[in-house]
Structures are given as structure tokens and as C-alpha cells.
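Working notes for the structure below.
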Amino acid sequence: MATIVFYSVNKTAHSAARRCLTSPLKRLASAGESVSRLASTHSRSVPLLPGTRWFSRGTGVRFMSHGTAGWSGNTRRGALALSGAAAVTAAAAVAGFLANTDHFQRAEMATRVPRAAKETGEEADIPQRCRGFMSPPVTDISVLQGNKDEMRTKMEMLIMETQADFCKALEKVDGGTFRVDRWKRKEGGGGISCVMQDGKVFEKAGVNVSVVFGNLTEEAAKQMRSRGKVLKGKDGKLPFVAMGVSSVIHPKNPHIPTVHFNYRYFEIEEEDGTKQWWFGGGTDLTPVYIDKEDAFHFHKTLKEACDKHHPQHYPDFKKWCDRYFYVRHRGETRGIGGIFFDDLDSPNQEEVFSFVKSCARTVVPCYLPIVYKHLNDSFSDEEKDWQQVRRGRYVEFNLVYDRGVKFGLATPGSRIESILMSLPLTARWEYMHEPAKGTREAEMLDALRNPKDWV
């Protein structure tokens, strides 16, 4: 892409820009770094208007409107140096930059649910809370109401609320609607799959809830034992309850990252009647191109949620995420990470649930501001092809390594369509593909081969 870059700025304008940028960018990056990016001949375009990027292609300037598939053409990188009226032009650019930053922050604020509203919702009775869901919960409402103090009920209500909040936020930005598919498992339980395909913004968006119970198969129990769980069944049977919410979002635009999250609860009854329980989950981001501001925002939002509970949670679970989402046969991570944890069963059930709740409530504010920021980004055929290659790596991880997929496929009565919902509509595999050195694609690959600390 050719880039319009302003790098002739007098000292007065530069100083003013630095002062103006300091406050709005504290949550995104340091002011000095932001001004440097604005004033350097970097390969990124300068946002002159909120949510809009200008690109010079040959003799014209073109825009990509919301929801279009993009446009392409042979491009050459270039820079436009301005003199004379440079200070005036640069000031306009800074104003646009500030407006775009404000747009990012307003989008972030709009996606945050006021704490008081959430607390009021939790105090409301279960039937009232259920009216805001995408579908009635899997468990009968009267059963939930009668067992409202049990962890199984608390977790089912949380995953239903998480599904509803995220789906509604995605519908708002896309303009489309989710298909709500309610299903039952004959062995016990069922689920609610919400899927939106071929939308204006999202090629495929899936948000699933499942609440299943029954007896673990020998294969599924073997997977649990391989993770250090000592489980003793009665007559070879292990009664279990498993529930969770999971989501994978594949946008059309390669400048909008793919996001995944999953929060789950397991409960197993052993032969003597005692119960083992644990939580697992996490949220991670898979961009096609590196955007440091996006990475900072995403990780900072997760870190803030973790820090409410323990200062070591974020660094530990960030490292765990990098280790877990690792495509061993490729020698690279699936994305730029986030947090991941599993088999979490201490210090006690209520405290772990409180932590999981905090994490689940970040899924909208950590992702939607990034979506809004890149809604109008244009892209070339080459950038779309790179997105397809990266999606191929995504598929490889999910089918070869992902624990959730393995557990689902090993559980009788599982709904295959819901398990494989995480796969994109389209992907690409190229023989011996390696991006050229010095390109943004090579920068992305380096970040995947050498995981970084983003906050």
C-alpha cells in the first residue's frame, strides 16, 4: 500500500501535537511513540477522519465503505513529503488522529456494561434475567430457580449472559442477526448455537453454549487422567456435568483480527460420592497483521480483569496461553495470545468463579473497540490471500491440538456442527509459503515465532 505520511513538522506544531496526544493515548500507547509513528515514514496510513483511512493508489484516492469486500490492485509503497504549509496540514492530521483515538475510546466505553447495572441484574430473579438471553437456558428455568445457590446454576446463568451480551454487540456492528439453533443431547443436556454467516463485517461468527451431563466415556476419562486428574469411577462409570460458552469470530476484513474465547466448568462424581470440580477458559486474539495499539488494548483489558483477583494471574495465564496455542509442527503460535487457564480449582469455588466471571465480562470491551477501529480499512487481494493462509494455520491447530475439540469428538451425543463451528468458511494452504523479508507479513510471522509481552 502507498502511504500518505507527514514528516515535515515544525517544532511548534510537533510540541503542540505531543501535548495534545499525551492524555488521549495513555490507554493505547505512550504519547512519544504515537507521535513518532505519526511523523515517521512507516508503512501504516494516518487516520485523518474517525474510522477512515486514506490510501493513495496511482492517481486517485479511494475509500472502503462499511461492509464491502474491499478492492485490490498492484500497489507500490510511497510517501508524500509536504513543505511550506506542512504545519497546517500536519495539524489537521493530528486533529484527525485525535478524533480517531477518541473514536476508539468511545467505542471501548460504549461496550462496557456499567457495574451497577450488572450487579442489579445479578440480584434480579432468574426468570427476569433469562428474558435477556438469546434463547431460554438449557436447564429448565424452574430447576435453576430452585437451585439458584448451586455452582451449576450460577455458571449456566453466566455463560448464557455472556453469549447474549456478545451476540448483541456483534449484531449491532454488523447489522445482521444470529441464527439461534437450540439442540438436545439424548444422553443428557443440550446447547444453544448462535451463528451468523456472510454478514457485512463477519464472514462467520459463532457463539455456543452447551450444558451436558451423563457418564464419561473411557476415552474422555483417559484424557482427564493424562492431565493429572485422579478419577475413580463406580463400575467403570464417571457421572459428569460439563458446561461452557465458546466463541470464534472470523471477520471478512484482514485488518480485523479473529478472536476466540471459552469459559467452562466441569464437575465429576466419584465412586464414593465426592465431587471434583474445576474451571477453565481464556480469551485470545489472532490478527493477520500486527497492530501494536490493538495488542496493547486487548492485553491490557485482560490484565485489568486478572489483577482484580491476583497480580500473578495475568503473567502466568498469558504464558500458559502462548504455550497452549502453539502449532508445534509449524513452530509458531496461533495468534498473539491473551490468557488461558485450565483445571483451576483453588483457592475455593466461589473465588475461582468470581475470577472466571471477571474474565468472561471482558469479551466485549477487549474486542469490539478493535472491530470498530478497523471497520473501514481497505485491503488488497494480496492481504486477503495472507488472511486465508493464516486461517489455514488456525484450522490446523483446532483439528490437531485443541482440547475442546478432542473432548467433544470423544463425548457420545456431541453435536459435531457446534464443535466445528470454530472453523472458518474459507482458508488457504500454499506449498512452502514464506513471506518476503521486511514485509508486514514477515513481521506477523516473527511475532508468532517469538511471542512478545504486549503490556
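Put simply, the side chain of Tyr263 does not reach to within 4.5 Å of the side chain of Thr162, judged on heavy atoms. Counting heavy atoms from C-beta on, the side chains of Phe298 and Trp454 never come closer than 4.5 Å. In this structure, Met155 and Val356 have side chains that are in contact, with non-hydrogen atoms separated by less than 4.5 Å. Residues Phe340 and Arg323 have side chains not in contact (no heavy-atom distance under 4.5 Å, counting atoms from C-beta outward). The side-chain heavy atoms of Cys366 and His299, taken from C-beta on, include no pair separated by under 4.5 Å. Side-chain atoms of Ile256 and Asp377, non-hydrogen and from C-beta on, never get closer than 4.5 Å to each other. With a 4.5 Å cut-off on side-chain heavy atoms, Phe166 and Val245 do not count as touching. Using a 4.5 Å heavy-atom cutoff, the side chains of Ile192 and Val180 are in contact.
Atom-to-atom distance recorded for Ile336:CD1 and Ile290:CD1 is 5.5 Å, nearest 0.5 angstrom. Distance check, rounded to the nearest 0.5 Å: CG of Leu375 to NZ of Lys200 gives 11.5 Å. One finds the SG atom of Cys167 at 15.0 Å from the NZ atom of Lys172 (value rounded to the nearest 0.5 Å). Once rounded to the nearest 0.5 Å, the distance linking OG1 of Thr153 with CG of Leu158 reads 12.5 Å. Taking NE2 of His260 as the reference point, atom CG of Leu285 lies at 12.0 Å (rounded to 0.5 Å). Here Trp278 contributes atom CH2 and Asp343 contributes atom CG; the two are 6.5 Å apart, rounded to the nearest 0.5 Å.
The existence of a salt bridge linking Glu332 and Arg390 is confirmed by a sub-4.0 Å separation between a basic side-chain nitrogen and an acidic carboxylate oxygen. Salt bridge annotation for Lys308-Glu304: absent, with no cationic side-chain nitrogen under 4.0 angstrom from a carboxylate oxygen. Electrostatic pairing of Lys357 and Glu161 does not count as a salt bridge here, judged by no charged N lying under 4.0 Å from a carboxylate O. Salt-bridge annotation for Arg334 and Asp402: absent, with no side-chain N of the basic residue lying under 4.0 Å from a carboxylate O of the acidic one. A salt bridge links Glu434 and Arg449; the closest N-O separation between the charged side-chain nitrogens and carboxylate oxygens is under 4.0 Å.
Annotation for Tyr314 and Asp307: closest pair CB-OD1, 4.5 Å, computed over non-hydrogen atoms. Residues Gln163 and Val207 come closest through the heavy atom pair NE2-O, 3.0 Å. Closest non-hydrogen pair, Phe178 versus Glu171, comes out as N-OE2, 2.9 Å. Shortest non-hydrogen contact noted between Gln388 and Ala427 is OE1-N, 3.3 Å. Nearest heavy-atom pair, Leu144 versus Ile126, reported as atom, atom and distance to 0.1 Å: O-CD1, 3.4 Å. When all heavy atoms are compared, the tightest approach of Val201 to Asp174 is N-OD2, 2.6 Å.
Applying the salt bridge (Lys or Arg N to Asp or Glu O under 4.0 Å) criterion to Asp322, with sequence neighbours excluded, gives Lys318. Under the salt bridge (Lys or Arg N to Asp or Glu O under 4.0 Å) criterion, Glu417 pairs with no residue at all, not counting sequence neighbours. In this view, Trp320 satisfies the side-chain hydrogen bond (donor to acceptor under 3.5 Å, both in side chains) rule with no residue, not counting sequence neighbours. Ser135 pairs by the side-chain hydrogen bond (donor to acceptor under 3.5 Å, both in side chains) definition with Arg182, not counting sequence neighbours. In this structure Asp385 satisfies the salt bridge (Lys or Arg N to Asp or Glu O under 4.0 Å) test together with Arg428, sequence neighbours excluded. Remark: Glu203 engages Arg391 in a salt bridge (Lys or Arg N to Asp or Glu O under 4.0 Å) (not counting sequence neighbours).
A distance-only check finds a donor-acceptor pair linking the side chain of Ser358 to the backbone of Ser354 [under 3.5 Å]. Proximity of a side-chain donor or acceptor of Glu156 to a complementary backbone N or O of Thr139 within less than 3.5 Å is detected. Looking at Lys154, its side chain never comes within 3.5 Å of a backbone N or O of Glu350 through a donor-acceptor pair. The backbone N or O of Asn348 sits nowhere less than 3.5 Å from a side-chain atom of Ser346 that would complete a donor-acceptor pair. Under the 3.5 Å distance criterion, the side-chain polar atoms of Ser210 are left unmatched by any main-chain donor or acceptor of Met243. In terms of modelled atom types and a separation under 3.5 Å, the side chain of His255 and the main chain of Val288 share no donor-acceptor contact.
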Could you walk me through whether Val138 and Val212 pass the side-chain contact (heavy atoms from CB on, under 4.5 Å) check?
CA-CA 9 Å; Val138 177; Val212 298; over 6 Å; no
May I have the step-by-step check of side-chain contact (heavy atoms from CB on, under 4.5 Å) for Leu423 and Leu399, ending in yes or no?
CA-CA 9 Å; Leu423 303 183; Leu399 295 181; 4.3 Å; yes
Quick one: do Asp316 and His310 satisfy side-chain hydrogen bond (donor to acceptor under 3.5 Å, both in side chains)? Show the steps, please.
CA-CA 10 Å; Asp316 286 351; His310 197 286; over 6 Å; no
For a side-chain contact (heavy atoms from CB on, under 4.5 Å) check, start with the C-alpha distance between Asp291 and Lys373, then their side-chain angles and the critical distance, and finish with the verdict.
CA-CA 11 Å; Asp291 185 308; Lys373 175 184 171 184; 3.3 Å; yes
Stepwise side-chain contact (heavy atoms from CB on, under 4.5 Å) test for Leu344 and Phe317:
CA-CA 11 Å; Leu344 207 60; Phe317 298 155; 4.2 Å; yes
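Annotation: Phe379 is not in aromatic contact with Tyr289 [ring centroid separation under 6.0 Å not met]. Note: Phe279 and Tyr265 meet the aromatic proximity criterion, with ring centroids under 6.0 Å apart. Ring centroids of Tyr367 and Phe261 are separated by 6.0 Å or more, keeping the two rings apart.
Within 6.0 Å of atom NZ in Lys303, 12 or fewer heavy atoms from other residues, nucleotides or ligands are found, so the atom counts as exposed in its surroundings. Crowding of Lys319 atom NZ: a count of heavy atoms from other residues, nucleotides or ligands under 6.0 Å not exceeding 12. Atom NZ of Lys452 has more than 12 heavy atoms from other residues, nucleotides or ligands within 6.0 Å.
Residue Phe325 forms a side-chain contact (heavy atoms from CB on, under 4.5 Å) with just one option from Phe397, Tyr401, Tyr394, and that option is Phe397.
Ser418 and Ser193 are linked by a side-chain donor-acceptor pair at a separation below 3.5 angstrom, with hydrogens and angles left out of the test.
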